[in-house]
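Right, one structure below, let's go through it.
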Amino acid sequence: MSDIGTATWSTHVHGERTELPATIDGIRAALPAEQRDVFDAEVGQTPAEDLHLVLVGWSLSTTQAAEEDAEILARLRRGETVGRPVDPEAGVA
């Protein structure tokens, strides 16, 4: 990934902690050149109250998160149980 500066979000993708760009400039820099105009147009048209959602989506698009989501959905459609293992001591999944 490109230099994303100091403002980052973090998440886990395929079990690995992943740093995500968390500024408009950082996200733009991390995107392939052919996606930057689409990003700029969407950000420019997004109401301020929804901007964080759009930015998170674009930031995640710089990772393999969509691939992981597709794999999980395929497993769910096959009827597999997906999620954290049950913790018998805590009584929660």
Side-chain angles (χ1 to χ4, degrees):
M1 185 173 346
S2 315
D3 177 20
I4 58 176
T6 58
T8 61
W9 287 307
S10 64
T11 190
H12 287 80
V13 178
H14 293 294
E16 299 286 327
R17 180 181 162 95
T18 303
E19 295 291 320
L20 304 171
T23 65
I24 292 171
D25 287 343
I27 295 166
R28 184 185 299 110
L31 292 170
E34 62 273 7
Q35 290 184 345
R36 291 179 186 151
D37 287 342
V38 176
F39 168 78
D40 289 339
E42 185 172 355
V43 167
Q45 296 173 4
T46 298
E49 65 190 28
D50 298 328
L51 188 56
H52 64 289
L53 299 171
V54 169
L55 293 177
V56 167
W58 277 100
S59 189
L60 283 168
S61 79
T62 67
T63 71
Q64 297 298 313
E67 176 186 301
E68 181 180 40
D69 290 347
E71 291 169 4
I72 292 169
L73 282 173
R75 291 177 57 200
L76 288 169
R77 287 183 178 126
R78 288 192 302 264
E80 294 181 36
T81 301
V82 177
R84 298 182 312 204
V86 174
D87 180 350
E89 292 182 21
V92 296

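Considering only heavy atoms from C-beta on, Ser61 comes within 4.5 Å of Leu31 through its side chain. Using a 4.5 Å cut-off on side-chain heavy atoms (C-beta onward), Phe39 and Val54 make no contact.
Listed by first and then second residue, the ring-ring contact (aromatic ring centres under 6.0 Å, His included) pairs involving residues 16-36 amount to none (not counting sequence neighbours). Residue pairs meeting the salt bridge (charged side-chain N to carboxylate O under 4.0 Å, His left out) criterion with at least one member in residues 66-80, sequence neighbours excluded, are Arg75-Glu80, Arg78-Glu80. Screening residues 8-32 for ring-ring contact (aromatic ring centres under 6.0 Å, His included) gives no qualifying pairs among residues at least two apart or on separate chains.
In this structure, the separation between OG1 on Thr62 and CG on Leu20 is 5.5 Å, given to the nearest 0.5 Å.
When each of Ile27, Leu55, Thr11 is checked for a side chain to side chain contact (heavy atoms under 4.5 Å, CB included) with Leu60, only Thr11 meets the rule.
Side-chain N or O atoms of Thr8 include none that pairs as donor or acceptor with a backbone N or O of Ala22 at under 3.5 Å. Proximity of a side-chain donor or acceptor of Arg28 to a complementary backbone N or O of Asp40 within less than 3.5 Å is not detected.
Looking at residues two or more places apart in sequence or on another chain, you find no side chain to side chain donor-acceptor pair (under 3.5 Å) involving Asp37. In this structure Thr81 satisfies the side chain to side chain contact (heavy atoms under 4.5 Å, CB included) test with no other residue, sequence neighbours excluded.
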Side-chain donor-acceptor pairs under 3.5 Å in residues 42-53, sequence neighbours left out?
from	atom 1	to	atom 2	distance (Å)
Glu42	OE1	Trp58	NE1	2.9
Thr46	OG1	Glu42	O	2.6
His52	ND1	Glu49	O	3.4

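Salt bridge present: Arg17 and Glu19 bring a charged side-chain N and a carboxylate O closer than 4.0 Å.
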